[in-house]
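Data first, discussion second: the structure below is written as structure tokens.
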2 protein chains.
Amino acid sequence: MGTRGLTKEKIVAEAVAYIELTEQPIISLHELARRLDVKPPSLYNHIQNTKELQYAVFQYAIDHLVAHQRNAVAQLKGDEAVRAFSRSYLAFATAHKGLYRLIMTMPSEQDEQAKEMALPLLDLVIELLSSYGLRTDDIAHWQRVLRAILHGFLSQEDLGYFYYYNSIDLEKSRELAVQCFLDGLHTFLNQMCKA
Amino acid sequence: MGTRGLTKEKIVAEAVAYIELTEQPIISLHELARRLDVKPPSLYNHIQNTKELQYAVFQYAIDHLVAHQRNAVAQLKGDEAVRAFSRSYLAFATAHKGLYRLIMTMPSEQDEQAKEMALPLLDLVIELLSSYGLRTDDIAHWQRVLRAILHGFLSQEDLGYFYYYNSIDLEKSRELAVQCFLDGLHTFLNQMCKA
DNA sequence: ATTACGAAACTAATGGTGTTAGTTTGTCAA
DNA sequence: TTGACAAACTAACACCATTAGTTTCGTAAT
């Protein structure tokens with residue numbers, strides 16, 4: 001009894017490992033304790049509650065996603081950057097289903113802390129779109145649109161809404177979606193120039 | 001004891017009422033039993049398990065969403081129809097947050113039954129896009145794109161990802177997203193004509 | 001080296017969830 | 001009137017999160 005080398009870091013690491021393995025965004029404290037060879041209440045010496053654990057894993061997920069994305073768009077600009085971002089965004093979600101599912105379900109309108117954690121992801125897209133010469137609030141609008149398309153696509157895919165008609169090439173749909181965004185953006189830019 | 005007038009219909013109706021009230025997509029059998037003034041096991045005389053109840057509520061939600069949408073696009077075609085569909089889709093999700101959250105979380109890649117229930121929603125969009133003269137599989141592609149945009153937008157909104165930069169007008173973002181879809185589609189159609 | 005203290009583990013318990021088995025009750029038809 | 005069946009019940013189990021109170025062990029001070 002007494003002291004084992006348990007730390008918050010180890011707990012979070014095990015939770016992440018489990019989530020990556022099962023592709024489910026959650027792990028119960030009981031299961032986690034089992035895997036760490038400890039009784040459930042012992043975890044409370046290192047974390048406050050389930051919510052805090054969720055936050056920690058969420059932070060991990062966001063950090064990795066953003067790092068992944070920054071790496072993908074490094075030194076790219078304009079359409080190239082948007083395409084690279086989109087490809088790698090979809091790739092991350094596929095490779096880390098559990099983590100992306102968490103990102104996809106974690107924050108809530110009410111939860112200020114989670115929303116703040118997610119900010120870097122928004123900022124990245126803002127940067128990405130800043131080379132198009134848009135007005136500040138139009139950048140914010142188009143950032144919403146791009147993220148809506150990518151996230152919506154992944155979400156539908158994950159929920160199985162693409163199952164039917166699934167003889168239809170998924171990869172092509174993805175490219176079409178990104179192209180749609182770019183065409184929409186270009187149309188907007190052209191009309192802006194005229195006016 | 002003995003027989004009270006409990007039926008599956010009443011159970012589902014109460015579940016729906018609760019979901020509409022709380023805006024949460026789930027209700028526990030205990031809570032449901034409490035509200036029906038019955039002990040939890042009694043519910044099992046009318047439903048098999050939680051899953052079946054979920055299915056029933058999901059069916060209700062899909063039915064209402066589709067009816068709502070069909071009503072909105074009746075006798076419209078082309079861009080008009082897409083715009084009307086989008087407006088009313090977003091309106092439904094706002095007015096019935098709990099039900100839409102269920103639609104947004106219920107199906108799963110693995111769950112054939114739920115996916116089949118959701119089909120009418122896909123078919124509706126397919127119909128909507130059939131007046132553009134697209135090839136059959138392009139209709140399926142663009143159906144995915146439209147649904148991805150709308151669902152992605154709602155999901156982000158619901159998750160609070162639009163909170164920051166939220167001085168930015170939400171309504172304008174929505175219109176921009178739909179316009180982006182239409183511009184993307186038109187660009188695609190123009191290029192199809194040329195070739 | 002001993003002691004004392006605090007952190008980290010534990011046991012025990014509460015209350016929530018879904019679900020099953022076995023029992024009672026009430027109604028309707030024979 | 002009685003018997004059978006459906007619909008309610010009680011009791012119980014397994015899983016979960018969490019809290020209170022207890023033991024243990026390592027470390028730091030005497």
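Chain naming here is simple, since letters A, B, ... match the order of the sequence lines and numbering starts at 1 in each.
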Task: Q54(A) side chain near I26(A) side chain, heavy-atom distance below 4.5 Å - done: yes

Task: Spacing of N49(A) atom CG relative to dT18(D) atom P, expressed in whole Å - done: 5 Å

Open item on the list: Pairing donors with acceptors under 3.5 angstrom, does anything connect the side chains of H186(B) and D79(B)?
Closed with: yes

Task: Donor on one side chain, acceptor on other, H46(B) and T7(B), under 3.5 Å - done: no

Open item on the list: Let's see if you get this right: which residues in residues 103-115 of chain B place a heavy atom under 4.0 Å from DNA chain C?
Closed with: none

- [ ] Measure from CD1 on I47(A) to P on dA8(C) and round the result to the nearest Å.
- [x] 14 Å

- [ ] For E20(B), look at atom CD and say whether over 12 heavy atoms of other residues, nucleotides or ligands are found less than 6.0 Å away.
- [x] yes

Open item on the list: Holding to salt bridge (charged side-chain N to carboxylate O under 4.0 Å, His left out), I want the full list of residues that pass it with E112(B), two or more places apart in sequence or in another chain.
Closed with: K115(B)

Open item on the list: Distance check, rounded to the nearest 0.5 Å: S155(B) atom OG versus R101(B) atom CZ?
Closed with: 10.0 Å

Task: d(CD1, I11(A); P, dA17(D)) in whole Å - done: 13 Å

Task: Positions of residues 15-46 of chain B (non-hydrogen atom under 4.0 Å from DNA chain D), listed by number - done: V38(B), K39(B), P41(B), S42(B), N45(B), H46(B)

- [ ] Check every atom of dA8(C), dA8(D), dT19(C) against the side chain of T50(B) and return the nucleotide holding the closest atom.
- [x] dT19(C)

TODO: For dC9(D), take OP1 and OP2 only and decide whether either is under 4.0 Å from a side-chain N or O of R4(B).
DONE: yes

Open item on the list: With a 4.5 Å cut-off on side-chain heavy atoms, are F181(A) and S86(A) touching?
Closed with: no

Task: Electrostatic pair D138(A):R135(A) at N-O distance under 4.0 angstrom - done: yes

